[in-house]
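Notes follow the structure.
Chain naming here is simple, since letters A, B, ... match the order of the sequence lines and numbering starts at 1 in each. All figures in this text were calculated on a predicted structure; none of them were measured in a lab. All values below were derived from every heavy atom in this structure, side-chain atoms included, with hydrogens, water molecules and symmetry-related copies excluded.
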2 protein chains.
Amino acid sequence: MEDNAKPSGTDVPTLADVAVAAGVSTATVSRCLNSPDRVTQKTLKIVMDAVDRLGYSPNYSARALAAGRTNTIGAIIPTMENAIFARGIQAFQEELQQNGCTLLVASSSYRQDLEEEQIKTLTVRGADALLLIGYQRDPKVYEFLAKRKIPAVLTWVSDPDSDHLSVGFNNRQAMKSLAELVLENGHKVIGCITAETSANDRARDRVSGIRDAMKEAGLDPSELLVEETQYSIENGDVAFRKLMAARPRPTAVMCGNDVLAVGALRAASALKLEIPGDVSITGFDDIELASVAPVPLTTVHVPHRRMGQFAAQALMAALNGNAPDNIELPTSICFRETLGKAPAPNKR
Amino acid sequence: MEDNAKPSGTDVPTLADVAVAAGVSTATVSRCLNSPDRVTQKTLKIVMDAVDRLGYSPNYSARALAAGRTNTIGAIIPTMENAIFARGIQAFQEELQQNGCTLLVASSSYRQDLEEEQIKTLTVRGADALLLIGYQRDPKVYEFLAKRKIPAVLTWVSDPDSDHLSVGFNNRQAMKSLAELVLENGHKVIGCITAETSANDRARDRVSGIRDAMKEAGLDPSELLVEETQYSIENGDVAFRKLMAARPRPTAVMCGNDVLAVGALRAASALKLEIPGDVSITGFDDIELASVAPVPLTTVHVPHRRMGQFAAQALMAALNGNAPDNIELPTSICFRETLGKAPAPNKR
DNA sequence: TTGTAAGCGTTATCAC
DNA sequence: GTGATAACGCTTACAA
């Protein structure tokens, strides 16, 4: 260890090794790596050759320590158990990678306390910036982030009123549009299966969207039959059966996401209910799972990939000292086959 | 910046700040944090109080640089698009967290070249150890890891013959058991939908397992009708239709995983085929998705959570200089409803 | 354009 | 048991 001969096989080369090999200073090597335009073509080549020859790659811990940035971005999503967030996060990650950043993902199990813990963990771990889902959280969290000067982008929501950076879509408006379609089909008794609205702003907004549409259509929003549960196929199934037992029975069941809707469809099939003849069902998210349904699911399409991409760009901008604009992406309705006309009262 | 007065609000406290506040040296603070048993109860309390008071938390980059370990474990999984790996990785992460480690996940899209790239990326990023899926990869990768002294655990496979650490299950044996059950039900013409076997050792082993069972039952293994495709519901659907067009038509279709099986079930439903009356279908993995099927899926249950947990323990042991044993976990068969007796020839 | 050298915040090896 | 102090590998003023 004490002689400074060639690194002996197993040792990983350092910047200094490259400097020696190239006959320049460590500063120059660093420049070649980080701002190639600040060195001569000639030295650049010499240095890069040495880098290749030695198989050098920088030590990120050292770089982070010296530069004060880790080039790591954290993302905290409510769940990895199903594909709801997969596509968006995938796109987020791809965009980050293009910018030389690494993604660190954690999951909060839809629990605010765990989310706060994860936020702490990730920032302590050195995340330069954060992607979070939704806007509802303790103000202290935002203060903490602000104090540490850690930019955060809120996604899967659109939050124009606040001054928090967000890249997402308007859950309320999106669900309202779908509800309007449901109402136009003559449905008067509407059921709704949703995640718990107290801890989930997206879920809450979506339910509000349904109520908005009902109100505008002259219906009493308080008559919306709501089943709150956790996102899972099984729970969608159970909740749907409950709604079918209600009197008057809903002729349309709007689900807070596709996972629940698929569960509802399964239950409907078990109950020998025709979809959409006997009852209409809608989803939200447009994930691949929706295609499993025996009847193609009418749902809200969310631009997952673009959202992930834009969120990454916004964060990169923020890290570069710019103040990126909030982005609200449009959603659209996938009008497939689970939504149909309300059955005539006597048909029931 | 140049005066060394109290850190002014926004600055994050360092070890040195704590040392000053506690009236001890930085070394002592470090000891209190890392090996509390090497300091007096009294100083421990003083220091910890200071830590709390200042809201200190260590800088991981500095720690990693000084200690030569990052306490970060990397995992590279083929896909995040569906839930195949979700449960196992979740358990892996939970176990790591208990041991003070962070998980860094990357996905390879089932491509070996991308996997190699990700391995490089993660190690360069400082991963202390790696979780990989399957055992098939360029020997150079293993050399690279060995040279850098980075332990890796291979999962979702069992690889007792090799000297690579593995924690998983025997795909071949598991699928063979299921195939035996299929054969016992009188099926003679078997179809199989699998991922591409050239790049996926688990898929290859599973197909081999079917052939093993056929051979032992006196059937010609080369008569197995194989459709290779990528894991997705849609592809399972398409492949199933192809198999149904073959003559003689298979009376049982064994799928390489539940995602494909769900696609097959969807196609069967569209083709108005009774399951299992007209044709039997089996899966592999036992993920929640399987429950969507109108008919509960017969499949191979994989102990995802235990696998993830044991894999983490094995890695922690390896990092502590121990040589953990390979672990082969048992799988079991979920005998549900998609597997039935082969229809009598005249019934077809 | 390039080199020198002072950190970055820890850990770890020594003495004491 | 505790305290100096030298690494760890890199970035970045500041000089040349």
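- Each of B:Val47, B:Ile46, B:Leu44 was checked for a side chain to side chain contact (heavy atoms under 4.5 Å, CB included) with B:Val39, and the lone residue meeting it is B:Leu44.
- Atom CG in A:Asp17 sits roughly 9 Å away from atom P in D:dG9 (whole-Å rounding).
- Within a 6.0 Å sphere centred on CZ of B:Arg53, other residues, nucleotides and ligands contribute more than 12 heavy atoms.
- Distance from the side chain of A:Arg31 is smallest to D:dA13 among D:dG9, D:dA13, C:dT10.
- Taking the side chain of A:Asn34 as heavy atoms from C-beta on, and the options D:dT11, D:dT5, C:dG3, the nearest nucleotide is D:dT11.
- Distances were taken from every side-chain heavy atom of A:Ala62 (C-beta onward) to each of D:dC10, D:dT11, D:dG1; the shortest belongs to D:dC10.
- An OP1 or OP2 oxygen of C:dC8 is reached within less than 4.0 angstrom by no side-chain nitrogen or oxygen of B:Asn59.
- Of the candidate nucleotides D:dC10, C:dG3, D:dT11, C:dG3 has the atom lying nearest to any side-chain atom of A:Val24.
- You'll find that the side chain of A:Ala27 is closest to C:dG3, out of D:dC10, C:dT11, C:dG3.
- Atom pair A:Leu15:CG and C:dT2:P shows a separation of 16 Å (rounding to whole Å applied).
- Among C:dT2, D:dG1, D:dG3, the nucleotide with an atom closest to any side-chain atom of A:Thr40 is C:dT2.
- Under the 3.5 Å distance criterion, with hydrogens and angles disregarded, a donor-acceptor pair is assigned to the side chains of A:Ser158 and A:Glu328.
- To the nearest angstrom, P of C:dT1 lies 15 Å from CD1 of A:Ile46.
- OP1 or OP2 of D:dA4 has not a single side-chain nitrogen or oxygen of B:Ser25 nearer than 4.0 Å.
- Taking the ring centre of B:Tyr60 as origin, the terminal cationic atom of B:Arg63 falls inside the region bounded by 6.0 Å and 45° from the ring axis.
- Put simply, A:Tyr60 has no side-chain N or O that comes within less than 4.0 Å of OP1 or OP2 on D:dT11.
- OP1 or OP2 of D:dT11 sits under 4.0 Å from a side-chain N or O of A:Ser30.
- Remark: P of C:dT11 and CG of B:Leu33 are 7 Å apart, rounded to the nearest angstrom.
- Across all strands shown, B:Thr14 has heavy atoms under 4.0 Å from sugar-phosphate atoms exclusively, and none from any base.
- In this structure, A:Arg125 places its CZ atom 16 Å from C1' of C:dG9, rounding to the nearest Å.
- The distance from atom CZ of B:Arg69 to atom P of C:dG9 is 21 Å, rounded to the nearest whole Å.
- Heavy atoms of B:Thr43 sit under 4.0 angstrom from primed sugar atoms or phosphate atoms, though from no base atom.
- Side-chain contact of A:Gln90 with A:Glu94: a donor-acceptor pair under 3.5 Å is present, judged by distance alone.
- In this structure, B:Leu44 and A:Tyr56 both approach DNA chain D, and ranking their closest nucleotides by distance from the 5' end singles out B:Leu44.
- Side-chain atoms of A:Asn59 come within 3.5 Å of backbone N or O of A:Ala62 as a donor-acceptor pair.
- Comparing D:dT11, C:dT11, D:dC8 by their nearest atom to the side chain of B:Leu65 picks out D:dC8.
- Picking from C:dT1, D:dT11, C:dG3 the nucleotide with the shortest atom distance to the side chain of A:Arg63 gives D:dT11.
- The distance between atom CG of A:Asn71 and atom P of C:dC8, rounded to the nearest whole Å, is 20 Å.
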